[in-house]
Amino acid sequence: MSHKLSEGSLEVIMNGGVYDKPIMQVLGSKKIQGSGANERFRLLVSDGKHSHSFAMLATQLNDKLISGELSDYSVVQIDRFVTSLLKNTGKGEKRVMIILDITIVCPGSEVGKKIGNPQTWTEESSGASAAPAQAAAAPAPSLRPAPKPMSLAPTVSANLDSSILSSQMTHPIASLSPYQNKWVIKARVMSKSDIRTWNNARGEGKLFSMDLCDDSGEIRATAFKSECDRFYDMIQVDKVYYISRCQLKTANKQFTSMKNDYEMTFTANTVVAECMEDSSSVPSIKFDFVPINEIAAKNVDTLLDIVGVCKSAADLQELTARSTGKLLKKRELTLVDNSGGAVVLTMWGKEAENFNDNSNPVIAVKGARLSEFNGSKSLSCLASSMIRLNPDLPEAHKLRGWYDNGGADMEIVNISARAGGYTGGSNEWITFADAEARQLGSGDKGDYFSLLGVLTFTFADNAVYKACPQEQCNKKLVDQENGLYRCEKCNREYPNYKYRLLLSANVSDASGDQRITAFNEAAEAMLGTNVAEIGRLFEYDKTAYTQLFEEVKFKSFVFKFRTKMETYNDEARLKTTVMNVQPIDYKDANKRLIASIKTISGVEV
DNA sequence: CCCCCCCC
């Protein structure tokens, strides 16, 4: 079997010309830099006429070489490449070819030999004979030789003449690497972070970061300290800038969803100038969408891009972060797509507050974090996530059409659902029968659910006890019968104590009932009296005490429970604890009732 | 040189 190589393509390319998808043969490879994520390989390629050893493999293609796919003698089609001039110590400049995309036409094991008799390409061989080749290579080369070193002061100011930068040919973002520092990119700002400060063992400072893209790829850039001051106001989302002289380093994939092995840092020498000409050729935000039914197979904590129709949006919830004490606002959306999957996406802060769109918009998110709770996966927006409502993207238009033409009624599998079923966020009310059907409590961590129920019985007898007076310790004290009380937990005796409540009760709803336990705050809320007063009644007015527990019977509340299967004496039973109890907000309760009538009957109410 | 991103 013979293979036709693109004879003469190398000299066109090495002269800076354009050659679309040349077919070449790999004659050798060599590791030139680093190891692990920093590995970089050089290829010896041949077009049958010339061979050239300065083809570099973009690092995202390293696997092809390591796996043996790109073995010697392989015939390949170079689908995408850029060339770049490297300063060659003492000898002027040398052009290298960086391969960005490659297709293996025939594996080396099948070809088995060198095709033709290629001569080594040298800069010298690019003399007169090469000139016609370049001239023939229309349209104009995408990368002209020799952007001369910029003699710009390393400052950014309004009077920086962007034409100096723009007059030079720019480099594709995908070709940037730490091994090549003479470049200018023309890139659009997809997003920009707020200024953040840090203060740790290594020092303190401030920074902001931005995500840049062009039609070849994308990259994260960070400006620290004085660069943060210098560039923060200038950099604006959606604008296009010429940027040069940044430091490149290996990106930590844990913290970015950018499709780039590198990220860049602004330095004292960095030059940025806004592009004042037409920049419509520079694309905006780039997504790499994962179909919803594939999300469950991804690892927790990975960042991914998603697009889906917002099938439902829960109410805004306010909560206090346990670690920081900060007041948080969140909203859970359920997104669906034509893969048959559904997933819960949590938005935070302003984005959660401002979202109240009931028109089932298409939502695209870049860099949402996959998290897991109670055995089910869901997505959470981060400060760095980019959210777009009804974006003008083919995928979004496709989903709009799908949803509006039957997709809305399609059977879906909610990947955020737990083994026993998803409660749709802690906001949804279910029934005891639902909780049983969903086998809530059967997992390792316990499950949470809310319902409207009635207190059918309260066990008054041991509802109040004398507890350790220490703030954090609520251990029941042992009466030493000598005026002192012993705490086994603190291992000491106290002359004083505080009262605490531990109320056992039955709660019923229309579908069933459940023995529950309410600790101090929840029990106080139900009884409508504080624990000190209840303790006083217990001590001095047993009739009033008993009366209190009688009066609360048959009162209704909105309960939030935590339930978990526990084993006592070889017998498994549900331990259900009241996490929160609220009086009924009838406006809200009626809204839920109407919604549920609508669902059950299929009739608009 | 950051890398926190929350809750049930």
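Fair warning: this is a prediction, and the values are worked out from it, not measured in the lab. All values below come from the heavy atoms of this structure, side chains included, with hydrogens, waters and symmetry mates left out. In what follows, every chain begins at residue 1, and chains take the letters A, B, ... in the order their sequences are listed.
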(Q) For A:Lys186, give me all partners under salt bridge (Lys or Arg N to Asp or Glu O under 4.0 Å), at least two apart in sequence or on another chain. (A) none
Assign [X] to base, sugar-phosphate, or nothing according to its heavy-atom contacts below 4.0 angstrom with the strands shown.
X	value
A:Lys225	base
A:Thr256	nothing
A:Arg202	sugar-phosphate
A:Glu263	base

Which nucleotide wins on minimum distance to the side chain of [X], given the candidates [options]?
X	options	value
A:Trp198	B:dC7, B:dC1, B:dC6	B:dC1
A:Ala383	B:dC2, B:dC5, B:dC8	B:dC5
A:Ala321	B:dC2, B:dC8, B:dC7	B:dC7

Q) Any side-chain N or O of A:Asn252 under 4.0 Å from OP1/OP2 of B:dC2? A) no
Q. Looking only at side-chain N and O atoms, does A:Arg369 come under 4.0 Å of OP1 or OP2 in B:dC6?
A. yes
In whole angstrom, what separates [X]'s [atom1] from [N]'s [atom2]?
X	N	atom1	atom2	value
A:Lys249	B:dC2	NZ	P	8 Å
A:Leu207	B:dC1	CG	C1'	9 Å
A:Leu303	B:dC3	CG	P	15 Å
A:Arg196	B:dC1	CZ	P	13 Å
A:Phe255	B:dC2	CZ	C1'	8 Å
A:Leu379	B:dC7	CG	P	17 Å
A:Asn199	B:dC3	CG	P	10 Å
A:Asp194	B:dC4	CG	P	17 Å

Q.
Please tell me whether A:Ser226 and A:Asp229 have a donor and an acceptor in their side chains that are separated by less than 3.5 angstrom.
A. no
(Q) On DNA chain B, compare the nucleotides closest to A:Gln247 and A:Glu372; which residue's is nearer the 5' end? (A) A:Gln247
Q: Give me the ring orientation class for A:Phe557 and A:Phe559: parallel if the planes are under 30° apart, tilted from 30 to 60°, perpendicular past 60°.
A: perpendicular
Q | Heavy-atom pair of closest approach, residues A:Tyr241 and A:Gln236 | A | OH-N, 2.8 Å
**Q.** Over-ring placement of A:Lys311 relative to A:Tyr403, 6.0 Å and 45° cut-offs
**A.** no
